[in-house]
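Since the structure comes first, as C-alpha cells, the remarks are kept for the end.
Keep in mind the model is a prediction, meaning the values are calculated, not measured.
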Amino acid sequence: MKETAILFPCDREIISFMDYVDFEGYEISGLCVLEDSNIEIEIKSDFPVLDVKNIDFKLFDNVILIDEAYHTHSFIEECITHGKK
C-alpha cells in the first residue's frame, strides 16, 4: 500500500510536470503552494492544489520537500509537530 504525501513548495512549473513524474511508493494527495500564491486559482490540475496556510493534516502522512531551502519553513515545523514524515 502506498503512503500518502504532499509536495512542498509547488509552483506552476512543478504542477505542469506532475503528469510525467512517477512517485513510486507514494500516493500524492496534494500540491502545497506558498502563502497566498493564488496558483490554485490559475492552474487546473488533477491533484488538489493547497495553500500552505489552509492545510488539512489528515490528508497526508509525508511531505516531499521540493526545494531544500524551505526545510526551515514554519510549515515543515508544523508538519513535524503533527507527526508527519
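- Partners of Glu77 under the side-chain hydrogen bond (donor to acceptor under 3.5 Å, both in side chains) rule, at least two apart in sequence or in another chain, do not exist in this structure.
- Cys10 and Val33 make their closest contact through O-CG1, 3.5 Å (heavy atoms, listed as atom of the first residue, atom of the second, distance).
- The heavy-atom pair separating Ser29 from Pro48 by the smallest distance is O-CG, 3.5 Å.
- A 4.5 Å side-chain heavy-atom check between Phe23 and Val21 finds at least one atom pair inside the cut-off.
- Ion pair Glu3/Lys85 flagged as a salt bridge, since at least one NZ, NE, NH1 or NH2 atom sits closer than 4.0 Å to an Asp/Glu carboxylate oxygen.
- Summarising the geometry, atom CG belonging to Leu65 is positioned 10.0 Å from atom CZ belonging to Phe75; distances are rounded to the nearest 0.5 Å.
- Exactly one residue among Ile66, Val52, Leu59 makes a side-chain contact (heavy atoms from CB on, under 4.5 Å) with Cys32. That residue is Val52.
- Taking the six-membered ring where tryptophan is involved, the planes of His73 and Tyr70 are tilted, since the angle between them lies from 30° to 60°.
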Chi angles and distances behind the side-chain contact (heavy atoms from CB on, under 4.5 Å) call for Tyr26, Asn62: CA-CA 9 Å; Tyr26 293 102; Asn62 301 279; 3.8 Å; yes

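- The side chain to side chain contact (heavy atoms under 4.5 Å, CB included) search around Lys84 returns Phe57, Phe60, Asp61, Cys79, His82, not counting sequence neighbours.
- Following chains of ILVMFWY side-chain contacts shorter than 4.5 Å, one cannot reach Leu31 starting from Phe17, and the two form parts of different hydrophobic clusters.
- Contact between Gly30 and Leu50 at its shortest, heavy atoms only, is CA-CD1, 4.0 Å.
- Among the candidates Leu7, Ile76, Ile55, Ile80, the single residue satisfying the side-chain contact (heavy atoms from CB on, under 4.5 Å) test with Val63 is Ile76.
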